Amino acid sequence: MHALNKNRPLRRVMLASAATVSGIVMLLALKPHTAPTVITDSAAPAPSVGSSASPGASSGSGSSSGSGKSGTSSGSGKSGSSSTGTKTVTGNTVQTRWGPVQVKVTIKNGKITDVTAVQYPSENPRDQQINDYALPQLRSEALAAQSASIDTVSGATYTSEGYQQSLQSALDSAGL
């Protein structure tokens, strides 16, 4: 006898129901891939580079935005002097799936000397755990490459992509 015998219609109904429920659960669990997007605030004017600092003088930090939950981003903040001095540039805030990512870059004599993550996802323990190992790797990659062409850290794909985009915007603002 066949498993879906017409003499047992209840068995057919149960199997069809179970298949339907399983299919719906799988569809609802599917999370589509979305790339991180840069949110820009078109109302904010672009700041200009100051030229009053001496070539060897260290400058203050650029601007940084507050909480990333506001849905806006800070522009690229710049401070420093000519290409022979020290500049600190803050990149755009990149809104990723798990939260905002923003990078601050220090450039001395045309070389990247420091990269700091100003904002990054840290709302829950898992975010903190991921970023505790990802951010130092991204920093060392950026310092070694002297550009935003860095490898993505496994397990921190969204943070890595946001870091790269913010770093590139900071380097573009610095003229590198």
Side-chain angles (χ1 to χ4, degrees), residues 34-42 44-123 126-176:
T34 56
T37 57
V38 177
I39 300 172
T40 58
D41 186 7
S42 61
S48 61
V49 176
S51 60
S52 62
S54 63
S58 176
S59 64
S61 65
S63 66
S64 64
S65 69
S67 170
K69 291 297 171 192
S70 64
T72 62
S73 68
S74 67
S76 298
K78 298 181 190 179
S79 61
S81 63
S82 66
S83 63
T84 58
T86 302
K87 273 197 267 192
T88 301
V89 184
T90 303
N92 291 336
T93 301
V94 178
Q95 190 66 37
T96 68
R97 180 176 183 175
W98 303 113
V101 177
Q102 186 177 30
V103 176
K104 180 173 67 174
V105 181
T106 303
I107 300 165
K108 185 173 185 177
N109 299 328
K111 295 211 173 224
I112 300 172
T113 58
D114 190 28
V115 181
T116 307
V118 178
Q119 288 186 64
Y120 50 90
S122 59
E123 289 190 8
R126 181 67 178 145
D127 288 344
Q128 293 169 5
Q129 179 185 20
I130 289 170
N131 290 318
D132 281 347
Y133 79 85
L135 293 175
Q137 288 181 27
L138 291 167
R139 180 183 182 275
S140 64
E141 287 265 343
L143 291 173
Q146 290 292 304
S147 72
S149 299
I150 57 178
D151 291 334
T152 300
V153 176
S154 179
T157 304
Y158 292 103
T159 300
S160 297
E161 289 172 357
Y163 193 97
Q164 289 168 344
Q165 289 181 13
S166 183
L167 178 59
Q168 186 62 56
S169 72
L171 295 176
D172 291 345
S173 296
L176 289 180

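Heads up: numbering here begins at 1 and tracks the sequence. None of these values were measured; they are calculated from a predicted model.
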Colleague: Under a 4.5 Å cut-off applied to non-hydrogen side-chain atoms, are Leu171 and Ile112 in contact?
Modeller: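 When only atoms from C-beta onward are counted, Ile112 and Leu171 do touch, with a gap below 4.5 Å.
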Colleague: Are any non-hydrogen side-chain atoms of Gln164 and Thr152 less than 4.5 angstrom apart?
Modeller: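 Yes, their side chains come closer than 4.5 Å.
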Colleague: For residues 130-139, which residue pairs qualify under salt bridge (charged side-chain N to carboxylate O under 4.0 Å, His left out), counting only residues two or more places apart or in two chains?
Modeller: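 Pairs touching residues 130-139 that pass the test: Asp114-Arg139.
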Colleague: Which one of Ile107, Leu143, Leu138 satisfies the side chain to side chain contact (heavy atoms under 4.5 Å, CB included) criterion with Val115?
Modeller: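 When side chain to side chain contact (heavy atoms under 4.5 Å, CB included) is applied between Val115 and each of Ile107, Leu143, Leu138, only Leu143 qualifies.
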Colleague: Can you measure from NZ (Lys108) to NZ (Lys87) and round to the nearest 0.5 angstrom?
Modeller: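 That separation rounds to 14.5 Å.
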Colleague: Are Thr106 and Thr86 packed together at the side-chain level, in the sense that at least one heavy-atom pair is separated by less than 4.5 angstrom?
Modeller: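 Yes - at least one pair of side-chain heavy atoms lies under 4.5 Å apart.
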Colleague: Does Gln165 reach the side chain of Asn92, with side-chain heavy atoms less than 4.5 Å apart?
Modeller: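 No. Closest side-chain heavy atoms not under 4.5 Å.
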Colleague: Report yes if some heavy atom in the side chain of Thr93 is under 4.5 Å from a heavy atom in the side chain of Ser166; otherwise report no.
Modeller: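 In short, these two side chains do not touch, never coming nearer than 4.5 Å.
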Colleague: Got a second to check how far Gln137's CD is from Asn131's CG, nearest 0.5 Å?
Modeller: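 Here the interatomic distance stands at 11.0 Å.
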Colleague: Restricting to non-hydrogen atoms, name the atom on Val89 and the atom on Ser173 that form the minimum distance, rounded to 0.1 Å.
Modeller: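 For Val89 versus Ser173, the nearest heavy atoms are CG1-CB, 3.8 Å.
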Colleague: Quick check: closest heavy atoms across Gly91 and Ser169, and the distance to 0.1 Å?
Modeller: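 So the minimum-distance heavy-atom pair works out to CA-OG, 3.3 Å.
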Colleague: Please report the interatomic distance OG(Ser122) to CD1(Ile130), rounded to the nearest 0.5 Å.
Modeller: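 Ser122 OG to Ile130 CD1: 12.0 Å, rounded to 0.5 Å.
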Colleague: Which of these passes side chain to side chain contact (heavy atoms under 4.5 Å, CB included) with Thr96: Val101, Thr157, Thr159?
Modeller: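 Looking at Val101, Thr157, Thr159, the match for Thr96 under the side chain to side chain contact (heavy atoms under 4.5 Å, CB included) is Val101.
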Colleague: Could you check if a side-chain atom of Gln102 sits within less than 4.5 angstrom of a side-chain atom of Thr90, using non-hydrogen atoms only?
Modeller: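 Side-chain contact under 4.5 Å: yes.
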Colleague: Is there side-chain contact between Tyr163 and Val153, with heavy atoms separated by less than 4.5 Å?
Modeller: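 With C-beta onward as the side chain, the pair stays apart.
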Colleague: Can you tell me which residue pairs pass the salt bridge (charged side-chain N to carboxylate O under 4.0 Å, His left out) test with a partner in residues 140-152, sequence neighbours excluded?
Modeller: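 Pairs touching residues 140-152 that pass the test: none.
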Colleague: Taking all heavy atoms of Ala145 and all of Ile150, pick out the closest pair and write down the distance.
Modeller: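 Answer, listing the atom of Ala145 first, then Ile150: CB-CG2, 4.2 Å.
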